[in-house]
Q: 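Okay, handing you the structure first.
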Amino acid sequence: MDTDLVIRAQHGDKEAYAALASGMADRFLAVARRILRDLDLAQDATQQALLAIWQDLPHLRDPARFEAWSYRLLVHACYAEGRKERRWAPNLRLLPHDAQSTDDGLSSVVERDQLERGFRRLSLDHRAVVVLHHYLDLPLDRVADVLGIPVGTAHSRLHHAMRALRAAIDADLRPASREVS
């Protein structure tokens, strides 16, 4: 992150902030979408985070910590959006008609669907740790810093999230038992 750009934005330079925001927006949306599992909520969270960053930027003490600080604001915005009551709406993608279907393609779709269902069962706290650690490839001490939690808590949340994810996938794989009357 360019600290000179951050310092200029802290002093009210709108062009500097626009450059920062344009560099962050796509990454923020990708992270928010992975945490919230909903494009509309992710877009709202990204917008709220970018607004909060602009409003709170003058109060940032250490411009070198801008990246961790901005991700913290994004995660807080994700939490706020995740708590809102909304009707579930599927995010559908159209597949091309000429796509060749193979067993490998089908199995990867099934695996992705199982992973998605398991991930949706996780709490927002657990999703945030998994996304920051596995998607952004942040070490757990940085994840803890971004979330404002102790490192041990980050380790614990990641452990419990992965265990819950495995349990959800295993539960989906077990055949449903039928009661005999």
Q: Does Asp145 form a side-chain contact (heavy atoms from CB on, under 4.5 Å) with Arg72? I'd like the steps, not just the answer.
A: CA-CA 8 Å; Asp145 187 38; Arg72 181 178 300 150; 3.6 Å; yes
Q: If you take all heavy atoms of Ile53 and Ser70, which pair is closest and at what distance?
A: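 That would be CD1-CB, 3.5 Å.
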Q: Check Ala154 against Leu140 and note the closest heavy-atom contact, atom names and distance.
A: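 Minimum heavy-atom contact is CB-O, 4.0 Å.
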Q: So which heavy atom on Ala164 is nearest to which on Leu122, and how close?
A: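 Where Ala164 meets Leu122 most closely, the heavy atoms are CB-CD2, 3.7 Å.
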Q: Within the distance-only criterion (no hydrogens, no angle test), does the side chain of Arg127 pair as donor or acceptor with the backbone N or O of Arg120 below 3.5 angstrom?
A: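 Checked: pair present.
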Q: I would like to know whether Arg33 and Asp38 meet side-chain contact (heavy atoms from CB on, under 4.5 Å); could you show each step before the answer?
A: CA-CA 6 Å; Arg33 188 168 183 205; Asp38 180 282; over 6 Å; no
Q: Report yes if some heavy atom in the side chain of Glu15 is under 4.5 Å from a heavy atom in the side chain of Asp13; otherwise report no.
A: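 Yes, close enough: below the 4.5 Å cut-off.
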Q: Under a 4.5 Å cut-off applied to non-hydrogen side-chain atoms, are Val6 and Leu60 in contact?
A: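 Answer yes - side chains close enough.
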Q: Between Gln10 (side chain only) and Leu57 (backbone N and O only), is there a donor and an acceptor less than 3.5 Å apart?
A: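 Yes, Gln10 side chain to Leu57 backbone: donor-acceptor pair under 3.5 Å.
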Q: What are the two closest heavy atoms between Leu132 and Leu136, and how far apart are they?
A: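 That closest heavy-atom pairing would be O-CB, 3.3 Å.
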Q: List the steps and the verdict of side-chain contact (heavy atoms from CB on, under 4.5 Å) for Leu158 and His134.
A: CA-CA 10 Å; Leu158 182 62; His134 289 290; 3.9 Å; yes
Q: Considering all heavy atoms of both residues, which atom of Ile35 and which atom of Cys78 are nearest to each other, and what is their separation?
A: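 Scanning both residues completely, I find the closest heavy atoms to be CG2-CB, 4.1 Å.
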Q: Minimum heavy-atom separation for Thr3 and Ala64, please, with both atom names.
A: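 Taking Thr3 first and Ala64 second, the nearest heavy atoms are CG2-CA, 3.8 Å.
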Q: Looking at Tyr135, Phe66, Phe28, which one forms a ring pair (Phe, Tyr, Trp, His ring centres under 6.0 Å) with Tyr71?
A: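 The ring pair (Phe, Tyr, Trp, His ring centres under 6.0 Å) with Tyr71 is passed solely by Phe28 among Tyr135, Phe66, Phe28.
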Q: Counting N and O atoms only, with roles assigned by atom type, does the side chain of Arg117 sit under 3.5 Å from a partner on the main chain of Ile169, one being a donor and the other an acceptor?
A: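 Judged by distance alone, no pair lies under 3.5 Å.
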Q: Short question: side chain of Ser156, backbone of Gly152 - any donor-acceptor pair under 3.5 Å?
A: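 No, because the side chain of Ser156 does not come within donor-acceptor range (under 3.5 Å) of the backbone of Gly152.
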Q: Tell me whether Arg142 is salt-bridged to Glu67, with the criterion being a basic N under 4.0 Å from an acidic carboxylate O.
A: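 Yes.
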Q: Knowing that exactly one of Val130, Asp125, Val143 qualifies, which makes a side-chain contact (heavy atoms from CB on, under 4.5 Å) with Arg157?
A: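 Single pass found, and it is Asp125.
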Q: I'd like to know whether Leu165 forms a side-chain contact (heavy atoms from CB on, under 4.5 Å) with Leu115, so could you lay out the CA-CA distance, the side-chain angles of the two residues, the decisive distance to 0.1 Å, and finally the verdict.
A: CA-CA 8 Å; Leu165 195 54; Leu115 189 59; 3.9 Å; yes
Q: Are Leu74 and Leu124 linked, directly or through other ILVMFWY residues, by side chains that come within less than 4.5 angstrom of each other?
A: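 Result: yes, single cluster for both.
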